[in-house]
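Have a look at this one.
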Amino acid sequence: MLLRLGALATLAFIYVPLVVIGLYAFNANVTQGWPIEDFSTRWWRVAYEDEAIRDAIVLSVVAALGATAIALVLGTLASLAVSRYEFFGRDTISFLVLLPIALPGIITGLSLQATFQNAGIAFGLLTIIVGHATFCIVVVYNNALARLRRVAGSFEEASADLGADSWQTFRHVTFPALRTPLLAGSLLAFALSFDEVVVTIFTSGAQQTLPIWIFANLSRPRELPIVNVVALVLILASTIPVYVAQRLSRDPTAAAAPAAAGAGAKQ
């Protein structure tokens with residue numbers, strides 16, 4: 001009973017604020033008061049007709065797709081190098097790949113801003129994608145590396161012994177084992193990029209992704225109901241890829257164990 005109460009308290013601590021935002025998205029009044037006196041969907045129509053919001057959504061999706069594509073390529077290559085080859089500094093490379101996810105976002109954003117300015121690169125979609133890719137690589141790398149460490153390298157050696165070149169071995173042996181973790185890592189990378197605020201502030205210039213649009217309109221009282229609607233949409237949009245990635249990342253053996261135990265108990 002105590003464990004169940006602890007689990008419920010944890011979920012309440014995490015999700016009650018999100019539920020409040022969801023309720024405020026249907027608040028008929030401009031001001032936010034509690035309890036909500038009247039409910040309405042009129043702010044949803046206003047948000048749908050706002051061209052700035054639509055442009056922000058498109059920019060967020062395009063930036064997330066670009067960052068995910070870069071993370072997918074570089075994260076996979078790094079995981080293959082670290083898991084399949086012995087070389088000096090291998091552990092250091094693994095540490096350096098993981099470091100960006102641990103660094104404060106403001107530090108990453110400042111360093112990227114200075115780099116782009118010194119290189120004469122104009123701020124826009126490209127700089128947003130590069131900035132997001134720096135931390136999206138980590139989730140792809142982690143997922144791929146975890147799977148590669150569970151797949152014996154002898155399969156690839158056997159493929160080479162049978163006359164397959166490196167590309168054929170990757171296409172027919174390595175990649176099939178990586179498909180699920182790479183898909184899960186891509187979904188998580190997309191969700192991370194779609195929600196990113198801090199790094200985007202330093203790399204977007206005049207462009208506004210959806211989280212940046214929310215951040216810019218928080219201080220405008222008359223825009224707050226629309227912000228709540230957009231925030232709820234963002235919550236729902238982020239939940240889908242994270243849920244799918246979690247389902248794909250589940251260990252089939254672990255998932256089957258409770259079912260097997262239940263079947264044994266019935267017998």
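From a predicted model like this one, the values you see are computed outputs, not experimental measurements. Basis for what follows: all heavy atoms, side chains included, without hydrogens, waters or symmetry-related copies. The first residue of the sequence shown is numbered 1, and numbering continues consecutively from there.
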Taking all non-hydrogen atoms of both residues into account, name the closest pair between Arg54 and Tyr48 and its distance.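 The pair with the smallest heavy-atom distance is NH1-O, 2.8 Å.
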Rounded to the nearest 0.5 Å, how far does CG of Leu224 lie from CG of Asn29?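 These two atoms lie 12.0 Å from each other.
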Taking a hydrophobic cluster as the set of Ile, Leu, Val, Met, Phe, Trp and Tyr residues connected by side-chain heavy atoms closer than 4.5 Å, whether directly or through intermediates, do Phe194 and Val242 fall within one such cluster?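 The answer is no; the residues belong to distinct hydrophobic clusters.
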Residues 56-68 side chain polar contacts: donor-acceptor under 3.5 Å, at least two apart:
residue	atom	partner	partner atom	Å
Ser60	OG	Ala56	O	3.0
Ser60	OG	Leu210	N	2.7
Thr68	OG1	Ala64	O	2.6
Thr68	OG1	Phe190	N	3.4

Run the side chain to side chain contact (heavy atoms under 4.5 Å, CB included) test on Asn217 and Ile226 for me, step by step, so that the C-alpha distance in whole Å, both residues' side-chain angles and the decisive distance to 0.1 Å come before the verdict. CA-CA 9 Å; Asn217 285 274; Ile226 305 175; over 6 Å; no
Full working for side chain to side chain contact (heavy atoms under 4.5 Å, CB included) between Arg179 and Leu183: CA-CA 6 Å; Arg179 276 184 299 203; Leu183 179 57; over 6 Å; no
Between Ser193 and Ala189, is there a donor-acceptor pair closer than 3.5 Å when you use the side chain of the first and the backbone of the second?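 Flag not set: sc Ser193 to bb Ala189 has no pair under 3.5 Å.
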Are Val130 and Ile101 linked, directly or through intermediate hydrophobic residues, by side-chain heavy-atom contacts shorter than 4.5 Å (ILVMFWY only)?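 Yes.
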Heavy atoms only: give me the nearest Leu23-Phe39 pair and the separation to one decimal.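 Where Leu23 meets Phe39 most closely, the heavy atoms are O-CE2, 4.2 Å.
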Can you tell if the side chain of Trp43 reaches within under 4.5 Å of the side chain of Val30, non-hydrogen atoms only?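 Yes, at least one pair of side-chain atoms sits under 4.5 Å.
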For Val198, does its backbone N or O pair with a side-chain atom of Glu196 as donor and acceptor, under 3.5 Å?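 Looks like yes, one N/O pair under 3.5 Å.
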As an exercise, state the distance from CG of Leu148 to OG1 of Thr76, rounded to the nearest 0.5 Å.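 Output value for this atom pair is 8.5 Å.
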Determine whether Leu112 and Phe123 fall in the same hydrophobic cluster, where Ile, Leu, Val, Met, Phe, Trp and Tyr are linked whenever their side-chain heavy atoms lie under 4.5 Å apart.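 Yes: a chain of side-chain contacts under 4.5 Å links Leu112 to Phe123.
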Got a sec, which pairs hit salt bridge (charged side-chain N to carboxylate O under 4.0 Å, His left out) with one end in residues 24-47, sequence neighbours left out?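 Found Arg45-Glu49.
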May I ask you to check whether over 12 heavy atoms, not counting those of Arg149, lie within 6.0 Å of atom CZ?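 It does not: Arg149 CZ has 12 such atoms or fewer within range.
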Would Tyr141 and Ser94 satisfy side chain to side chain contact (heavy atoms under 4.5 Å, CB included), going step by step from the backbone distance to the final call? CA-CA 9 Å; Tyr141 172 81; Ser94 183; 2.9 Å; yes
Of all heavy-atom pairs between Ala231 and Ile21, which one has the smallest distance, and what is that distance?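 Where Ala231 meets Ile21 most closely, the heavy atoms are CB-CG2, 3.9 Å.
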Hydrophobic clustering (ILVMFWY, side-chain heavy atoms < 4.5 Å, transitive) - are Val230 and Phe26 grouped together?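 Yes; tracing contacts between hydrophobic side chains, which count when under 4.5 Å, links both residues.
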Separation of Asn27 CG from Trp34 CH2 (nearest 0.5 Å):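 Rounded to the nearest 0.5 Å, the CH2-CG separation comes to 9.5 Å.
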Count the heavy atoms of every other residue, nucleotide or ligand shown that sit under 6.0 Å from CG of Leu11, and state whether that count exceeds 12.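 For Leu11, atom CG is crowded (more than 12 foreign heavy atoms under 6.0 Å).
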Linking Ile, Leu, Val, Met, Phe, Trp and Tyr by side-chain heavy atoms under 4.5 Å, what else ends up with Val73?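 Answer for Val73: Leu77.
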Side chain to side chain contact (heavy atoms under 4.5 Å, CB included), that's the test. Do Leu126 and Phe116 meet it? Break it down for me. CA-CA 10 Å; Leu126 177 61; Phe116 293 142; over 6 Å; no
Under 6.0 Å from the OH atom of Tyr15, do we count more than 12 heavy atoms belonging to anything else shown?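 At most 12 heavy atoms, drawn from other residues, nucleotides or ligands, come within 6.0 Å of this atom.
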When rounded to the nearest 0.5 angstrom, what is the spacing between CD1 in Ile201 and CD in Gln208?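 Reported to 0.5 Å precision, the distance equals 10.5 Å.
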Apply the hydrophobic cluster definition, ILVMFWY joined by side-chain contacts under 4.5 Å directly or through others, and give me every member besides Met1.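 Same cluster as Met1: Leu5.
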Distance in Å, Leu125 CG paired with Ile129 CD1, rounded so as to fall on 0.5 Å steps: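 Rounded to the nearest 0.5 Å, the CG-CD1 separation comes to 4.0 Å.
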If we only count heavy atoms from C-beta on, is the Leu182 to Asn143 side-chain gap below 4.5 Å?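 Side chain of Leu182 against side chain of Asn143, heavy atoms only: no contact under 4.5 Å found.
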Which residues pass the side-chain contact (heavy atoms from CB on, under 4.5 Å) test with Ala25, sequence neighbours left out?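 Scan of Ala25 (side-chain contact (heavy atoms from CB on, under 4.5 Å), adjacent residues dropped) gives Trp44, Asn228, Val229, Leu232.
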Starting at OG1 of Thr200, measure out to CZ of Phe215 and round the result to the nearest 0.5 Å.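 It comes to 11.5 Å.
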Above 12 or not: heavy atoms from other molecules or residues under 6.0 Å from CD1 of Ile106?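 At most 12 heavy atoms, drawn from other residues, nucleotides or ligands, come within 6.0 Å of this atom.
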Of Asn142, Leu145, Ile137, Thr92, which is the lone residue that meets side-chain contact (heavy atoms from CB on, under 4.5 Å) with Val97?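 Testing each of Asn142, Leu145, Ile137, Thr92 against Val97, the sole residue satisfying side-chain contact (heavy atoms from CB on, under 4.5 Å) is Ile137.
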Applying side-chain hydrogen bond (donor to acceptor under 3.5 Å, both in side chains), name anything that partners Arg4, two or more places apart in sequence or on another chain.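 side-chain hydrogen bond (donor to acceptor under 3.5 Å, both in side chains) check on Arg4 returns nothing, list empty.
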Give the cluster check for Leu99 versus Ile70: same hydrophobic cluster or not, with ILVMFWY residues linked at side-chain heavy-atom distances below 4.5 Å.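 Looking at the clustering, Ile70 is in a separate group from Leu99.
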